[in-house]
2 protein chains.
Amino acid sequence: MDRTGSNGSRKPTLEDVARAAGVSRSLVSIIVRGAPGASEASRTRVMAIARDLGYLPDVRARLLAGTSPKLIGVTYKTNSLHHADLLSSIYETAEGAGYEVILSGRTRRHDDRHAVNALLGYRCDALLIISPEVPEAELQQLSASLPILSLGRRMVHATTNVDVVRTDEAAGIRMAIDHLVALGHRRVAHVDGGGGVIGTDRRRAYRDCMTRHGLRDQVSIVTGGDNADAGRRAARRLLDGPEPPTAIIAYNDECAWGVMRALEDAGLSVPRDVSVVGYDGSPVARMAPHELTTVHQDTDGLGRLSVERLIARLEHGLPIGDVVLVPTFVPGETTGPAPAGA
Amino acid sequence: MDRTGSNGSRKPTLEDVARAAGVSRSLVSIIVRGAPGASEASRTRVMAIARDLGYLPDVRARLLAGTSPKLIGVTYKTNSLHHADLLSSIYETAEGAGYEVILSGRTRRHDDRHAVNALLGYRCDALLIISPEVPEAELQQLSASLPILSLGRRMVHATTNVDVVRTDEAAGIRMAIDHLVALGHRRVAHVDGGGGVIGTDRRRAYRDCMTRHGLRDQVSIVTGGDNADAGRRAARRLLDGPEPPTAIIAYNDECAWGVMRALEDAGLSVPRDVSVVGYDGSPVARMAPHELTTVHQDTDGLGRLSVERLIARLEHGLPIGDVVLVPTFVPGETTGPAPAGA
DNA sequence: CTGTTAGCGCATTCAG
DNA sequence: CTGAATGCGCTAACAG
């Protein structure tokens, strides 16, 4: 047996199937792709032969030869559970519509730009960029060559040609604050997500909503990030302050984790001493010793809509623009009444 | 401005560059791919023109026309942080060697088989399957058509043609048990990973090692899984038993999370009442309120070696076989001395 | 319904 | 170094 290199048995091609079935290549092509123009009889016969031969269409050739859009490129952060969650519905919707999706993960050494370039190399018909970290100007520039959809991140400039499907961040933050205020909290702090657009939106929403509740002088913001370490460091700074908060809204679930860890370090109990709210509603929210109270994004809806709209745009030129979904607030075990003394 | 469909500006091809540079297509081909056979002068000049035109090689065409292996397909669980971690070194190593890597994620609705088929459709030269859930027989069968490397999961049958790069599970579990026993623990339980090969190996190692420590009658195993929910349920069952353990070794870090949550539910303190050990050493290990004590797999080494060996096999027919890396034990804050009363 | 003919963009070969 | 030719496997249009 060949134990080292690849072996010789060439993969069967369309031609092989055609020959074995005694028909033309075109007919086989029509049949395997389910296109109209073949009798039921030939269809079942040829399909059977194709299966016997172990025929599998060559995606590269199909993509190269095809004229109609069929390939959607997706970039995402491999270490984000929220992003991973989105892939499920993206795959499902795309495959259901007969589209190929090709993934390009962003990792430590493979950044946003690398990922986008890899996708461009495959001549994708459209790009689905999950929470891009690329400057908006570059997205704008890219959108001159192909449809670009930013999933999760809003575009700042109104003239943009980049489409967006996202969550109403202000609504999410508002739900969180309303919930906390109803529980009697006043010193509600925010561990933010840094300078990105999403982080900025959530931070602004926090500030606005606090103000609306007459808690303007209680506004307390500290720079965090999208991971536990950042959340931990940020919370520590918060606790070192003169008037520690009785509730903390974190940028996302991972960040909330770090916050909880800092509280633990300080000997504080959640939610007795301090309440914590996350954001995303990713599986990680259910990993805490206590179920995390969180703002749950409609991940299925976000993924599905992104792909549906992108396809509608590709095939019928339908505009997308800025699609906004409303999140759901999910009370967990990490929020409770404000401590009496506060 | 075109705000809906794709626009007309065709992507530049090799031919476009050649024309603009006033040279032949072949020369441009040689230059853009860094092949020998062009003068330094032409090289810099043509490259400059290519850049100006925004030329990007068409991966599909390149793959279709090429004769030498250049594409490695990777399948992994999108919601596993340990898998995500591996991608970093995989990307890096592959790109460094001039290989394309194409990802196919496994999600709720896109299982192992879907993922493999998608990869096969791209005519990958080799498959890198991270902790496959596909039956070994199918992998075996696949390996007849192209090199298959199973990352993380050992093959059971000796005659297998499937290559493996993995961690020494027995060593990892042993380190964990030695650590706990040294801390005075005797009632060390195991929340396992279910019926998979990895789960089985860790479970067996647990049993063997306990026996070697003379703790055979303390062996206590309960079925868990690779996620927090499974870990939580399992730990709950453990605590309901007649003699609850003073230490628990979980299948992996996520599972350990669930275990910690069950302990919290039961009003037990970690590590004062019960010690907990995870496995993988993924970023999730650092998300706990306490840093998780865990068996850290050499993810960088696993990823790098997998790709290096796969390429060596493709290009020089070098055999791979079964490569085993030794994990590192990372003491965290979730393990401590056994409670006095136990 | 069938078979033929053209490409898709590139790598590769081979004679200049 | 060039330029032309061939083919990778497939889709799409066309004439039978």
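Computed from a prediction, not measured in an experiment: that's the story for all the values here. Letters A, B, ... are given to chains in the order of the sequence lines, protein chains preceding strands, and every chain is numbered from 1.
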Measure the distance from [atom1] on [X] to [atom2] on [N] and round it to the nearest whole Å.
| X | N | atom1 | atom2 | answer |
| --- | --- | --- | --- | --- |
| B/E15 | D/dG3 | CD | P | 11 Å |
| B/L64 | D/dG9 | CG | P | 7 Å |
| B/K11 | C/dC8 | NZ | P | 17 Å |
| B/L71 | C/dA11 | CG | P | 14 Å |
| B/D58 | C/dG9 | CG | C1' | 6 Å |
| B/L56 | C/dG9 | CG | P | 14 Å |

Q: Give a yes-or-no answer on whether the side chains of B/T78 and B/R106 include a donor-acceptor pair shorter than 3.5 Å.
A: no
(Q) Checking B/H110 against A/E95: is there a side-chain donor and acceptor pair closer than 3.5 Å? (A) yes
Choose from [options] the nucleotide whose nearest atom is closest to any side-chain atom of [X].
| X | options | result |
| --- | --- | --- |
| A/L27 | C/dT2, D/dC10, C/dC8 | C/dT2 |
| B/R25 | D/dC10, C/dC10, D/dC8 | C/dC10 |
| A/S29 | C/dT2, C/dG9, D/dT11 | D/dT11 |
| B/L14 | D/dG3, C/dA11, D/dC10 | C/dA11 |
| A/S68 | C/dC8, D/dA12, C/dC10 | D/dA12 |

Q | A/L310 and A/L127, any side-chain heavy atoms less than 4.5 Å apart | A | no
Base, sugar-phosphate, or nothing: which does [X] touch, judged by heavy atoms less than 4.0 Å apart?
| X | answer |
| --- | --- |
| B/S24 | base |
| A/A35 | nothing |
| B/R60 | nothing |

(Q) For A/Y122 and B/Y122, take the angle between the two ring planes, folded into 0 to 90°, and tell me which bin it lands in: parallel under 30, tilted 30 to 60, perpendicular over 60. (A) perpendicular
(Q) Here's a test of your reading of the structure: between A/R33 and B/S26, which maps to the more 5' nucleotide of DNA chain D? (A) B/S26
Q: Give a yes/no answer on whether the side chain of B/Y122 brings an N or O atom under 4.0 Å of OP1 or OP2 in D/dC8.
A: no
